[in-house]
Colleague: 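Here it is, the structure, as structure tokens.
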Amino acid sequence: GNLPALKFIHIMLFDRIGELVFESNDINFKWDGTYKGQLLPPAVYVYTLRAVFDDDHTDKLYNGSVTLLR
């Protein structure tokens, strides 16, 4: 993506029962596959990401899934 064009992001990752396992506002976020200091099992996790761009006119919501492999 075009990171310099981003003004703000908010990402949330959820497990299959809907529990929030990761949340960040850091544009350069990294998730290490842990929750409360414990390794999470391999599974599919869903995310929502809200992005606000520098032009202040573009506010987008993205949804999808991430497969965690070990």
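Heavy atoms only: backbone and side chains are in, while hydrogens, waters and symmetry mates are out.
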Colleague: With distance as the sole criterion, is a donor-acceptor pair present between the side chains of T34 and D32 under 3.5 Å?
Modeller: yes

Colleague: Does V46 share a hydrophobic cluster with L20, counting links as ILVMFWY side-chain heavy atoms below 4.5 Å and allowing steps through other members?
Modeller: yes

Colleague: What distance separates L13 CG from S24 OG, expressed to the nearest 0.5 Å?
Modeller: 10.0 Å

Colleague: What distance separates N25 CG from H10 NE2, expressed to the nearest 0.5 Å?
Modeller: 5.0 Å

Colleague: Roughly how far, to the nearest 0.5 Å, is CZ of F22 from NZ of K30?
Modeller: 11.0 Å

Colleague: Taking atom CG of L49 and atom CD1 of I11, what is their separation to the nearest 0.5 Å?
Modeller: 4.5 Å

Colleague: If you group Ile, Leu, Val, Met, Phe, Trp and Tyr by side-chain heavy-atom gaps below 4.5 Å, do M12 and I27 land in one group?
Modeller: no

Colleague: For the pair Y45 and W31, name the ring-plane relationship: parallel under 30°, tilted 30 to 60°, perpendicular over 60°.
Modeller: perpendicular

Colleague: Can you name the closest pair of heavy atoms from F8 and R50 and give their distance?
Modeller: CE2-NH1, 3.3 Å

Colleague: Compile the donor-acceptor pairs under 3.5 Å between side chains in residues 62-70 and protein atoms, sequence neighbours left out, one pair per line.
Modeller:
from	atom 1	to	atom 2	distance (Å)
R70	NE	L40	O	3.1
R70	NH2	G33	O	2.8
R70	NH2	L40	O	3.1

Colleague: Return the minimal non-hydrogen interatomic distance between L6 and A51, and the atom names on each side.
Modeller: CD2-CB, 3.8 Å

Colleague: Looking at V21 and Y35, what are the two nearest heavy atoms and their distance?
Modeller: O-CD1, 3.3 Å

